[in-house]
Amino acid sequence: MTTSAILTMIIVQVSVAITTGYMFYRVLTTPPKPEIEDDFHENDDVPL
Amino acid sequence: MSENKESWGSRVGLILAMAGNAVGLGNFLRFPVKAVENGGGAFIIPYLICFLLMGIPLLWIEWSMGRFGGKFNNHSTPFILDNMTKKRFWKYFGVFGIFTNVAVAAYYCYIESWTMSYVYHSLRQTFAGMDQGAVAGFFNDYVDIGSTTTGIPYEAVVFYLICLTLNTWILSKGLSGGVERVAKFGMPLLILFGAFLAFQGLTLGDSGAPEGAGSDFNSYAGLNFLWEPQFDSLFNPKVWLAAAGQIFFTLSVGMGTIHCYASYIRPKDDIALNAMSAGWMNGFVEIVLGASIVIPIAVGYLGLDWVKENAGFSMAFQTMPFLFGKWGVFLGTMGGVMWFGLLFFAGITSSLAMGTPWMGFMSDEFNWNREKAAFSFGLLVMVVGLPTVFFYQEGVFGEYDYWAGEVSLVVFALAETILFSWIFGIHRGWNEIKSGADINIPGFYKPVLKYVTPLLLLTVFLGALVTPVNNDWERALKGDWELDPSSIIGRIQNKGIIANRDYFSNSFQSDVDGVVAGIDRTNPTEVLVQIGQRVTFYRDATGNTRRVPEEMASEVATFDSLTVVKTYEFNPKRHNLVVNEGDPVEAFGTIATGSFTNDIFYINMSRLLLLGLFATICALVYRATSKREKEGRLD
């Protein structure tokens, strides 16, 4: 393999793997939101 | 209105189900082929840019539309779209979000059934000792439903029905009890299998090269070919269109499944981080695993030239079992089970997602319980799907894939993006995306959502509508714009069908010039007529013959050989050949007489069937609207 091919492969694959891992880390470490009753008055907008 | 009580069991389960929905066969087969065709390592640059500017915005749009619809107990796109605008016709655009899933599931379950069958054959070591031609022939026999590879009559139909029954049964267990459980089990297993095969691909080196083979029989040559950046390709519009198309199809956007899944989350739950997690997981499977399996393994055993000529979807079933056979009995069996197992999990997590919009719609609008909704989905898919099983070789499968699996997706995604950013309004849309978000969303995405994403989608749509011949955009932009048969307009005109353009005829014409290279009468139920043409070859270092690329024509010793370019199959009871071996044949020249039903008939009938399905779902939406009006549920 040429140096440019190896570098491209490693940089891209490692970046994608790290980003994916980071996203899952955030999902797993974010505390769950408290249960709230589904309240239609809380909608940002009333349907048109 | 019924109270749809479905919900997700956990956040991780939802993300795995969403990722499973996106991860499909294309991650392992389409991505590496597209990269090879479009500049190798340089392809990743437009790919990632399109992911950031089109993929992520579309994911956010669909997740937020789904969650918004869920607040009003709408779980399928017709009434999710209807919620967002005063214009009532938009719900008929939402029909695409049900239609696409039923039509795609119809042929997708067929591919899924192949993977089930190939897991079985890998375990039974059916492919052991077969040469490459025999493995390829095995697949052709399999899809020819008249023959059998297991002794089970009509086995392709049997496996299809088993696969469909399995999907229906899992769907009847609901979201958390069925779909989520399969995703939690299937996705980790898929990654494990993929990691094993990728390790094999990355470490194969030249250990699989035949004796005396050149340096291009090396998995690293395959990786080099895949990743070597050719930066000049970045100035070619074809590469950008291919990258945008790949991002679009790999994320399963424009289908209505994401809306449906997201409609079952709570109104204040995050969607921004969830969407990113599912999207990046799909990217991981595609870029890290998908790029490290098929191409390097195939190049390691068959050489770079072979892969350049043959890379494509068919390699999964027609080539890989032969290559696994070279790993020995134990590893070869494991390789086959893992490869087809990962394709099966990639398939089933997607096909289950396709069932949920129909089930959500029938439950919301007609109060159907989930067992009834799941059973009706299975039945509908069977009715629409059996023509793809019986008439696979007549082109029905390809028509479904093109119109439902490609064109409909782009049309719906373009429509929903315009609705979200321009009609619902970018300010309200932006607030929807940010509501409950567990990550900060960069502000520049607001103009991206409003201008860049719709423009990119419009470009993809127009690119598909008027694709120039051979995808040669440079020539087309200089004014020489002839439509390719694969363009939408070309497909409507059936430009790809050259001869035999009548539905029924008493004679059969050849599509190509050439000579009758062979007539095979070994099977009493069919006669195979091979049409050959003179092609120039050279012999490579291993002694294998290769077509001469233009740039090599003056560098190597060449020779002409008669090569089979087309094979026609006739029924000896119904057709009479009017040519003999060695006879010259002209395009449009008659080669057989008798009673013929040509492929164009099956192709146009499959289009009618798809139109009928679309019209039926429109009628159901119309009926649901009337029902809502009567019950005072429509504003």
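Note that this is a predicted model, so its numbers are computed, not measured. Computed from heavy atoms alone, side chains included, the values below leave out hydrogens, waters and symmetry copies. Order of the sequence lines sets the chain letters (A, B, ...), proteins ahead of strands, with each chain counted from 1.
- Using a 4.5 Å cut-off between heavy atoms, A/Ile6 makes no contact with chain B at all.
- When the shell of 6.0 Å around NZ of B/Lys184 is examined, it contains more than 12 heavy atoms from other residues, nucleotides or ligands.
- B/Ser277 OG to A/Tyr25 OH: the interatomic distance, rounded to the nearest 0.5 Å, is 13.5 Å.
- Residues B/Arg11 and A/Pro32 fail the side-chain proximity criterion, which asks for heavy atoms closer than 4.5 Å.
- Looking only at heavy-atom pairs under 4.5 Å with chain A, the residue among B/Leu226, B/Asn282, B/Val288, B/Asp269 that has the most is B/Val288.
- Each of A/Leu7, A/Val12, A/Val14 has some count of heavy-atom pairs under 4.5 Å with chain B, and the biggest count is that of A/Val12.
- In terms of heavy-atom pairs under 4.5 angstrom with chain A, the leader among B/Asp438, B/Ile44, B/Ile287 is B/Asp438.
- Distance check: B/Trp280 CH2 to A/Thr19 OG1 gives 4.5 Å after rounding to the nearest 0.5 Å.
- Here the CE-CZ distance, from B/Met276 to A/Arg26, works out to 10.0 Å after rounding to the nearest 0.5 Å.
- Counting heavy-atom pairs closer than 4.5 Å to chain B, the top-ranked of the candidates A/Leu28, A/Val27, A/Thr30 is A/Val27.
- Taking 4.5 Å as the limit, some side-chain heavy atom of B/Trp227 sits within range of a side-chain heavy atom of A/Gln13.
- Of all non-hydrogen atoms in B/Glu228 and A/Ser4, the two that sit nearest each other are OE2-OG, 2.8 Å.
- Put simply, CG on B/Leu273 and CZ on A/Phe24 are 9.5 Å apart, with the number rounded to the nearest 0.5 Å.
- Contact count against chain A (heavy-atom pairs under 4.5 Å) is highest for B/Asn224 among B/Leu48, B/Asp270, B/Asn224.
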